[in-house]
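Everything quoted here is computed from the prediction, not taken from an experiment. If you read the sequence from its start, that first residue is 1, and numbering goes on from there.
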Amino acid sequence: MAPPCRDNGPVHRSKEQPLDRSITSSPQPASPSPSGSTGSSDFLQLNVADAPPGGRADWLARELRRAIADGRLPVGSRLPATRTLAADLRVSRGVVTEAYQRLTEDGQLAGRGRGGTIVVAAPVTVATPDTSTTATRPTTVSSPRTPPYPSAPIPPHPFTAPPGPEIFDELRAAPARIDLSPGVPDLAAFPRAAWLRAERAVLADLPAAGMGYGDPRGTPALRQAVAHWLARNRGIRVDPDEVLIVAGTSQALGLIAQVLHRDGDPAIAVEDPGSLGVRQHLQYWQVATPPIPVDDDGLCVDALRASGARAVLLTPAHQFPTGVVLGGHRRRDLMHWASAGGLIVEDDYDAEHRYDRAPVPALRSLLPDQVCYVGSVSKLLAPALRVGWLLAPSRYRKALADAKRFADLGNSALPQLVLARLMESGELERRLRLLRRRHRRRRDAMIAAIDAHLPGATVHGAAAGLHLTITFDQAGTAPSDTDLAAAALARGVKLHPLSWHRQRPGRPGLVLGYAARTPGDITEGVALLAEALTNWT
């Protein structure tokens, strides 16, 4: 029998040390600079004498950020070649390469091959109070070490009221210099060159008929590629004809909610804590979401039985937001529950992103007739693609395909065909290996920063995923997690309060994403969070 549920306890932290990504460079002989001066350049009037010893890459990155922020380098500007600028400044080429790479990872620069390195985005501007007038003025944050709001009041939104349907739009629009929101992949790492190559190949081979209306279930090429991908990476054997291509996990959940509601199932039980966004999608379709507690072994199946729900949605490979894995005895107990007539909706959230543990089998591979399986490329490539897949038991397959047909006649065919080519070529596996190394370094940087600046916090979910959750003891004078999230936002750091993702009371905490930020940003963001917490004690 499964052990009784208990409050979430600490999850073991990774013992790996964060890797130092900095490049220590020293000046090396170079050819005379075109500007005719030593260690200076006409470009931005840079002078290497202004750089601190041993910090030339930091200095150059900071000067480039400042120039982009104040408009001297507008979007579309082309930067000097690394070899040319290094010769001007009489530094090693590695100094310039490292500075360019840091801004590329921030999403401000992009390499264009022979077209050079181009400015593709300017930093977000934020409004700070002007004490001389009642109006506000935009202030661009140029120094990465200067808090954007040294004495600003806590903004009135989005943390002053319970989260409504627009909460994530409001949070995305809120200005912040360091975005640690969970669920955001490294968008700057999108494989643009590989995507363009695949797109050209698709267009070269695509017949005219391929530009017409297609199968609303998805293109045959992508459905086959997804079937192969799931067999290779998730142990799921499925016929391509059983795959339904959808506009991301959110649409899949909406289609499931509609079909179950029409079939007389007005409730889908959900994990607690569990994703607020998922809950909102289900509730939009008039489906109740009774909470089922989660502990260190995952969903409490005894509580699920007691709820009387006939369907349950869960994230067994990497539970959001706690990061726990559904334990073996809980899996067996859940299988018994489903075999008696229950339906499992498996959101395979973050299953590919793991670092310190073996892969976890998908529930769909164990009990296909009782599991609706949902996956997407939002965390592997980019949410903007809006491409996901849904595998359903045979009794629901036609109803779900009809719901998809009348929702939008099917996803756009061209992105499906490009993605299919990337999947079948092995490009996605190569990208996943690269991302795991990068995410591990960023995760380790976040854990190290929490150890250094928030020693009283308990870390959850470090072994996999793109985020960590930290919780605090309720004793003492600690603020609510929404107050703490607001104070962090006032200092330019964006994150989620854990209470957003709870339906029942629980320990205060924060959900911190690390995939989209550099180790330096992560360290600074956690330090600013600690400063906000210190001001409350």
Side-chain angles (χ1 to χ4, degrees), residues 1-8 230 234-238 242 249 252-253 255-275 278-279 281-283 285 287-349 351 359-375 390-397 399-400 501-504:
M1 179 177 294
C5 295
R6 55 196 179 276
D7 291 337
N8 288 333
L230 293 175
R234 300 299 294 130
I236 298 174
R237 298 179 62 181
V238 61
E242 300 174 37
T249 299
L253 298 180
L255 298 178
I256 293 169
Q258 293 174 61
V259 169
L260 292 185
H261 194 275
R262 285 199 296 266
D263 280 358
D265 287 330
I268 300 177
V270 296
E271 298 165 314
D272 190 58
S275 169
V278 165
R279 206 161 67 240
H281 276 286
L282 296 177
Q283 291 170 352
W285 296 105
V287 170
T289 57
I292 308 299
V294 170
D295 64 15
D296 289 347
D297 288 322
L299 184 91
C300 297
V301 183
D302 286 343
L304 172 61
R305 280 196 186 91
S307 74
R310 295 195 294 175
V312 62
L313 167 66
L314 70 162
T315 49
H318 183 250
Q319 200 274 334
F320 183 89
T322 68
V324 300
V325 176
L326 187 66
H329 60 278
R330 292 280 174 83
R331 285 173 171 257
R332 290 189 293 273
D333 202 11
L334 185 63
M335 294 297 103
H336 289 309
W337 173 86
S339 297
L343 176 69
I344 299 169
V345 181
E346 179 180 17
D347 179 358
D348 209 15
Y349 178 79
V360 180
L363 298 178
R364 170 77 188 196
S365 67
L366 305 174
L367 197 66
D369 290 337
Q370 298 301 131
V371 177
C372 279
Y373 177 92
V374 179
L390 169 58
L391 315 180
S394 57
R395 64 186 182 278
Y396 294 115
R397 207 167 292 149
L400 288 167
H501 303 288
R502 290 190 188 275
Q503 296 190 70
R504 303 171 304 122

With distance as the sole test, does R502 use its side chain to make a donor-acceptor pair with the main-chain N or O of G274 at under 3.5 Å? no
Can you tell me if Q319 uses its side chain to pair, donor with acceptor, with the backbone of P273 under 3.5 Å? yes
side-chain contact (heavy atoms from CB on, under 4.5 Å) with L391: of V238, V374, V371, only one passes, and it is V238
Kindly assign one of parallel, tilted or perpendicular to the pair Y349 and H318, based on the angle between their ring planes and the thresholds 30° and 60°. parallel
Where is the tightest heavy-atom contact between R504 and P293, given as atom of each residue plus distance? NH2-CB, 3.3 Å
At their closest point, which heavy atom of A311 faces which heavy atom of A267, and how far apart are they? CB-O, 4.2 Å
Between D272 and R279, does any side-chain N to carboxylate O distance fall below 4.0 Å? no
Closest non-hydrogen atom pair, P266 against G264: CD-O, 3.2 Å
Looking at R234 and P361, what are the two nearest heavy atoms and their distance? NH2-C, 4.1 Å
Rounded to the nearest 0.5 Å, the CG atom of L390 sits from the CZ atom of R397 at a distance of 10.0 Å
If I take atom CG from residue L363 and atom CD1 from residue I236, how far apart are they, to the nearest 0.5 angstrom? 9.0 Å
What are the two closest non-hydrogen atoms of S365 and G235, and how far apart are they? CB-O, 3.2 Å
Hey, does the side chain of Q503 reach the backbone of T289 with a donor-acceptor pair shorter than 3.5 angstrom? yes
Derivation of the side-chain contact (heavy atoms from CB on, under 4.5 Å) call for V287 and L260: CA-CA 9 Å; V287 170; L260 292 185; 5.9 Å; no
To the nearest 0.5 Å, tell me how far H336 NE2 sits from L367 CG. 10.5 Å
Let's go through L253 and W285 carefully: what are the C-alpha distance in whole Å and the side-chain angles of both, what is the deciding distance for side-chain contact (heavy atoms from CB on, under 4.5 Å) to 0.1 Å, and is it a yes or a no? CA-CA 10 Å; L253 298 180; W285 296 105; over 6 Å; no
Within-4.5 Å side-chain heavy-atom neighbours: V312 and S307: no
How many angstroms lie between OH in Y396 and CG in D263, if you round to the nearest 0.5 Å? 6.0 Å
Short question: side chain of R395, backbone of D369 - any donor-acceptor pair under 3.5 Å? yes
Polar side-chain atom of R331 near backbone of L326 as donor-acceptor pair, under 3.5 Å: yes
V324 and D297: CA distance, side-chain angles, deciding distance, side-chain contact (heavy atoms from CB on, under 4.5 Å) verdict: CA-CA 7 Å; V324 300; D297 288 322; over 6 Å; no
Spell out, as yes or no, whether a donor-acceptor pair under 3.5 Å connects the side chain of R364 to the backbone of Y373. no
For L313 and I268 the tightest heavy-atom approach is N-CG2, 3.8 Å
Go through the steps for T315 and V278 under the test side-chain contact (heavy atoms from CB on, under 4.5 Å), then give the verdict. CA-CA 11 Å; T315 49; V278 165; over 6 Å; no
The reported gap from CD in Q258 to CG in L400 (rounded to nearest 0.5 angstrom) is 9.0 Å
For the pair E346 (side chain) and P316 (backbone), establish whether a donor and an acceptor sit closer than 3.5 Å, ignoring hydrogens and angles. no
Just by distance, do the side chain of R310 and the backbone of G341 share a donor-acceptor pair under 3.5 Å? no
Rounded distance (nearest 0.5 Å) linking atom OG1 of T322 with atom CG of D295: 9.0 Å
Do the side chains of D333 and R330 get close enough for a salt bridge, i.e. N-O under 4.0 angstrom? no
Any side-chain to backbone donor/acceptor pair from Q370 onto M335? Under 3.5 Å, distance only. no
